[in-house]
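All residue numbers in this chain count up from 1 along the given sequence.
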Amino acid sequence: QVQLVESGGGLVQAGGSLRLSCAASGRTFSNYAMGWFRQAPGKEREFVAAINWSGRNTYYPDSVKGRFTISRDNAKNTVYLQMNSLKPEDTAVYYCAARSSSNISAGQSGYDYWGQGTQVTVSS
């Protein structure tokens, strides 16, 4: 089992920045690829970013590419999501997820463990 706890969400104005953190516990963190997903009210959960076990490989959808950066610190068992140039459409609950593989995936079904989520609200 892997437990994931997100933090860092909040209210920010459009154009601002936030950094989300996801602390993992339970098993060897470096064995897992990690991802971030988000779900806005009335919408399906969508992929935001993924990172492989070492941090050398990352992947983003076009909607956040160039604005969001995923990173990890295996010594701290933590994955981060730096979000810059935030837009009102980025408003959502953001979820951290762990995948029992060293390689990245953009599909929700590829992830085995999920956090409870943290709310990000971007005002216009």
**Asked** Mind checking what makes side chain to side chain donor-acceptor pair (under 3.5 Å) contact with Gln82, not counting sequence neighbours?
**Response** Asn84

Taking all non-hydrogen atoms of both residues, which atom of [X] and which atom of [Y] are closest, and how far apart?
{"X": "Ser21", "Y": "Thr78", "value": "CB-CG2, 4.3 Å"}
{"X": "Ser123", "Y": "Leu11", "value": "CB-CD1, 4.3 Å"}
{"X": "Arg67", "Y": "Ser85", "value": "NH1-O, 3.0 Å"}
{"X": "Phe37", "Y": "Phe47", "value": "CD2-CA, 3.4 Å"}
{"X": "Asn74", "Y": "Ser30", "value": "ND2-CB, 3.6 Å"}
{"X": "Pro88", "Y": "Ala14", "value": "CD-CB, 4.1 Å"}

**Asked** Taking the side chain from Glu6 and the backbone from Gln116, do they hold a donor-acceptor pair closer than 3.5 Å?
**Response** yes

**Message:** Quick one: does any side-chain atom of Tyr111 pair with a main-chain N or O of Ser105 as donor and acceptor, under 3.5 Å?
**Reply:** yes

**Item:** Partners meeting side chain to side chain contact (heavy atoms under 4.5 Å, CB included) with Gln39 (sequence neighbours left out)
**Value:** Arg45, Tyr95

**Message:** By the salt bridge (charged side-chain N to carboxylate O under 4.0 Å, His left out) test, which pairs, at least two apart or in different chains, include something from residues 46-61?
**Reply:** Arg38-Glu46

**Message:** Show every salt bridge (charged side-chain N to carboxylate O under 4.0 Å, His left out) that has at least one partner inside residues 68-81, sequence neighbours left out.
**Reply:** none

**Item:** Exceeds 12 heavy-atom contacts within 6.0 angstrom, atom CD of Gln3
**Value:** yes

**Fill in**
The reported gap from CH2 in Trp53 to CZ in Arg99 (rounded to nearest 0.5 angstrom) is 15.5 Å

**Item:** NZ/NE/NH1/NH2 to OD/OE distance under 4.0 Å, Lys87 and Asp90
**Value:** no

**Asked** Apart from Met83 itself, which Ile, Leu, Val, Met, Phe, Trp or Tyr residues share its cluster (side-chain heavy atoms under 4.5 Å, direct or through members)?
**Response** Val2, Leu4, Val12, Leu18, Leu20, Phe29, Tyr32, Met34, Trp36, Val48, Ile51, Tyr60, Val64, Phe68, Ile70, Val79, Leu81, Leu86, Tyr94, Tyr113, Val120, Val122

**Asked** Which residue pairs pass the disulfide (SG to SG under 2.5 Å) test with at least one member in residues 7-124, sequence neighbours excluded?
**Response** Cys22-Cys96

